Amino acid sequence: MTRNPAHSGSTAITLVEAVNRALAWEMAHDERVLVFGEDVGRDGGVFRATLGLLERFGPERVLDTPLSETLIAGMAIGMAAQGLRPVAEIQFSGFIYPALDQIVNHAGRLRTRTQGRLSCPLVLRSPCGGGIRAPEHHSESVETFFAHIPGIRVVMPSTPARAYGLLLAAIRDPDPVVFLEPTRIYRLVKQDVPDDGQALPLDVCYTLREGRDVTLVGWGAALHECLQAADALAGAGISAEVIDVATLKPLDMGTILESVARTGRCVIVHEAAREAGFGAEIAARLAEEGLLHLLAPVRRVTGYDCVMPLARLEQHYIPSVARIVAAVRRVMEYS
Amino acid sequence: MDSDGKAHRPETAGATESVARFEIRLTRCLNPDGTPCGELPPLARDAEALRALYRAMVWVRMFDRRAIALQRTGQLGTYGASLGQEAVSAALGCVMRPEDVLLPTYREYAAQFQRGVDPADILLYWGGDERGMAFAQGRGVQDFPICIPVASHVPHAAGVAFAFKQRREPRVAVCVLGDGGTSKGDFYEALNVAGAWRLPLVVLVNNNQWAISVPRAAQSAAQTLAQKAIAAGIPGEQVDGNDVIALCTVLERALARARSGAGASLIEALTYRLGDHTTADDASRYRDEAEVQAAWQREPLRRLRAWLAAQGGWDEAREKQLLADCEAEVEAAVKRYETVAPRTPATMFEHLYAELPAAYRAQRDALEVGASSSSLTGETDALAPSLSMGEGGGGGEPTP
């Protein structure tokens, strides 16, 4: 993750620009791809993720829908079953719940229900998470809801390059993908991202930083704090490995297990509420499959089991560098 | 309401005008006794076409009866019959072209059979096997599987219709739902976009008067369900859903309209569910028998048979022959169903994704191990291989 962009070339872009670039690339190279959702056309999306696509690809491939989240997800299923490659946008993650019904009951099941006769190669994009002082219902972390649904993929990028490569992969994937974009880091960093149409692999974790003493596991915006915590810990002589889960479903547990086998300790960091959150899945798998490698109990640093607070308190809700460092110090007490 | 309980009537300030008026047309060709109730469309004189429609209805009624018998004897799971509503789906099967796409719910068997779905597959589905919705053969190879969550498939139909329009294909998405489904937001959201985007979509409400135990009157205060189209800016109309000639006429018009690029329609077919909601239901708990008996006087088979007989296109010998033919065909379908070999447990992962992700291969393999070990021991122990699941779980992937 490039936090202090030294890149001066014109290819240094933000995460949201990388999303835009990936959409444009794929639309230019695959005429089946279309983009639709609320305000994605003329307005270019409220975060500008779809800026310029309407002008470039026309109103038959970039469509402003009525305000209906169920419809957006449901229509994408019909389009996908007809061989199109719809990329639907839900404007904010707090509004995504009506679409959940369609993803659970239809998108994730159509291939199974028809024994492969029909499939759902759709992408449901949505900004996700807090930290941008948005109004109520705009800052939810919804990944666990989707990660529990069979038959789909759940992807969350953590950098511009990852957003570009993973979104291309998501669009090209023959199955439904929920692609959650952390709003907090939409414009936090810039990174050189060659516009070469190269997809990155789905279903794998990415090791962002190697370490010896503890494994920090996170995804999306939380990795920003994980890397800062790793810097801080390095100053105190603690070597942290940082893993970007990237694709939550299906989970590449192998990479996490291999890392924990080396470090013996694991701290899982996510912004969503703790109880039954996705961190619990990773912790359970570590207990089932990696117990003998563990030198300390697995700890989680997460959002709290309360309603996502409004702007004045949200920074206290989101896992901070200090909380991560404190959790690492706790697991380091075991030797 | 005011605090004194009187309805509050605001004073009208200034002039008012009516900005919209609408009417809902109800089409009927035959009276319940089979006599014509007005000028008839050409279809009413086409004996061959009518006999085909009658056959489709008799066929599916016999199929229903057999399916219920299979359920009662433990050879089928819960089944939703189409008793009394045969005309709706028979008409659909008649007017749809092979290249159109049907998005059905669970009472459209006649249409599905006409579109080439093997009745044995429908039994297989209700018998608890996903292969029943594979529709391995037939004309409607792009048709959707039966939709169980009410009205959730109407948005899919809008998506299918959008694909047709975008590719400039003269095809129509036809979606069927029940009266209860019109209370769902999905239904209106899809109608709304179909109007705004002028999609080639026909939404057919099979109003059988009962959403399990909730009667039509309790479902909505709207005088008709067809008028729900008005809010979406598309035409809506009613048709006698026990009158297959009227149904074909109205549906054909709506499909032609959609095919020509003029946009979507909503059709409310007024019919009646003569049986239980499903085999898991007991309608006598909430429904008067007198109402059901009255509905039997309006049912669709008797009506068409009477008209055919009056035209000289039907007699007892033909009826007897048809019943015998249909029974033989239904029995053949049952036989095909009964001889389908069961699948191994591991096949539940077979079509989960286009290619099974590495993360789930261990679970699938454990099912295979369980299946083969149970064949040795005579029992299935799904928990036994859990250790091997752990060992294989998700490992071996590269870390770029």
Side-chain angles (χ1 to χ4, degrees), chain A residues 34 60-61 63 65-66 68-84 86 98 101-102 105-106 108 110-119 121 150-151 153 173-175 200-207 243 249-259 285 288-289, chain B residues 101 103 130-136 141-149 152-167 173 184-186 188-190 192-193 196-197 348-360 386 389-391 393-400:
Chain A
L34 68 143
E60 289 193 338
R61 295 181 65 198
L63 298 105
T65 62
S68 338
E69 282 79 11
T70 299
L71 174 86
I72 291 168
M75 253 191 122
I77 292 166
M79 293 173 180
Q82 270 297 312
L84 297 179
D101 175 33
Q102 288 290 338
N105 278 319
H106 295 295
L110 191 62
R111 184 185 290 283
T112 294
R113 294 176 66 219
T114 62
Q115 297 293 284
R117 181 171 56 85
L118 299 178
S119 64
R153 284 183 160 79
D173 191 87
D175 291 303
L200 286 170
L202 299 171
D203 304 359
V204 295
C205 294
Y206 294 82
T207 302
I243 291 180
K249 185 183 188 70
L251 175 63
D252 167 20
M253 196 61 204
T255 297
I256 298 170
L257 281 165
E258 283 166 22
S259 173
R285 295 280 293 275
E288 283 179 347
E289 300 163 30
Chain B
V101 166
L103 296 101
E130 284 82 4
R131 288 176 295 178
M133 287 293 120
F135 303 169
V141 290
Q142 294 179 357
D143 286 359
F144 270 57
I146 285 170
C147 184
I148 301 292
S152 59
H153 60 320
V154 196
H156 309 165
V160 169
F162 173 84
F164 295 161
K165 183 181 168 82
Q166 197 215 40
R167 295 192 298 242
K184 290 263 293 186
D186 310 41
Y188 177 71
E189 291 183 28
N192 183 57
V193 79
W197 291 3
M348 67 176 82
F349 281 97
E350 204 168 87
H351 296 288
L352 184 60
Y353 296 83
E355 186 180 347
L356 189 66
Y360 306 129
S386 61
M389 282 173 67
E391 285 158 12
E397 280 298 319
T399 306

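Residue numbers start from 1 in every chain, and the chains themselves are labelled A, B, ... in the order their sequence lines are given, proteins ahead of strands. The shown structure was predicted, so the numbers you read here are calculated from the model rather than taken from an experiment.
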### Query
Does a side chain donor of either Gln82(A) or Arg167(B) reach within less than 3.5 Å of an acceptor in the other side chain?
yes
Would you say the side chain of Val154(B) lies within less than 4.5 Å of the side chain of Leu71(A), judging by non-hydrogen atoms? no
Under 4.5 Å to a heavy atom of chain B? For Leu110(A) that would be side chain
Rounded to the nearest 0.5 Å, the OG1 atom of Thr65(A) sits from the CG atom of Asn192(B) at a distance of 10.0 Å
Side chains of Ser152(B) and Asn105(A): closer than 4.5 Å at any heavy-atom pair? no
Bottom line for Gln102(A): the part with an atom under 4.5 Å from chain B's heavy atoms is side chain
Heavy-atom closest pair (Glu189(B) atom, Ser68(A) atom, distance to 0.1 Å) is OE1-CB, 2.9 Å
Pro250(A) and Tyr360(B) have their tightest heavy-atom pair at CA-OH, 3.3 Å
If one checks every heavy atom of Ala157(B) against chain A at 4.5 Å, the contacting part turns out to be neither
* State whether the side chain of Arg113(A) and the backbone N or O of Arg131(B) hold a donor-acceptor pair below 3.5 Å, judged by distance alone. => no
Residues Cys147(B) and His106(A): closest non-hydrogen pair is SG-CE1, 3.6 Å
If one checks every heavy atom of Ile243(A) against chain B at 4.5 Å, the contacting part turns out to be neither
**Asked** Is there a donor-acceptor pair closer than 3.5 Å between any side-chain N or O of Asp175(A) and the backbone N or O of Ala354(B)?
**Response** yes
Interatomic distance, OG1@Thr114(A) vs CE@Met133(B), rounded to 0.5 Å, equals 10.5 Å
Worksheet item: Is there side-chain contact between Glu60(A) and Lys165(B), with at least one heavy-atom pair below 4.5 Å?
Response: no
The interface call for Thr70(A) against chain B, heavy-atom contacts under 4.5 Å, is both
What one should report as the nearest heavy-atom pair of Pro145(B) and Arg117(A) is N-NH2, 4.4 Å
Heavy atoms of Thr112(A) and Glu130(B) approach each other most closely as O-CB, 3.8 Å
Note to self: Less than 4.5 Å apart, side chain to side chain, heavy atoms only: is that true for Phe144(B) and Leu118(A)?
What the structure shows: yes
*Any side-chain heavy atom of Leu352(B) sitting closer than 4.5 Å to one from Arg111(A)?*
no
Ignoring hydrogens and geometry, is there a side-chain-to-backbone donor-acceptor pair from His156(B) to Gly78(A) under 3.5 Å? no
Turns out that what part of Tyr188(B) lies under 4.5 Å from chain A's heavy atoms comes down to neither
Bottom line for Ile146(B): the part with an atom under 4.5 Å from chain A's heavy atoms is backbone
Interatomic distance, CD@Gln166(B) vs CG@Leu63(A), rounded to 0.5 Å, equals 8.0 Å
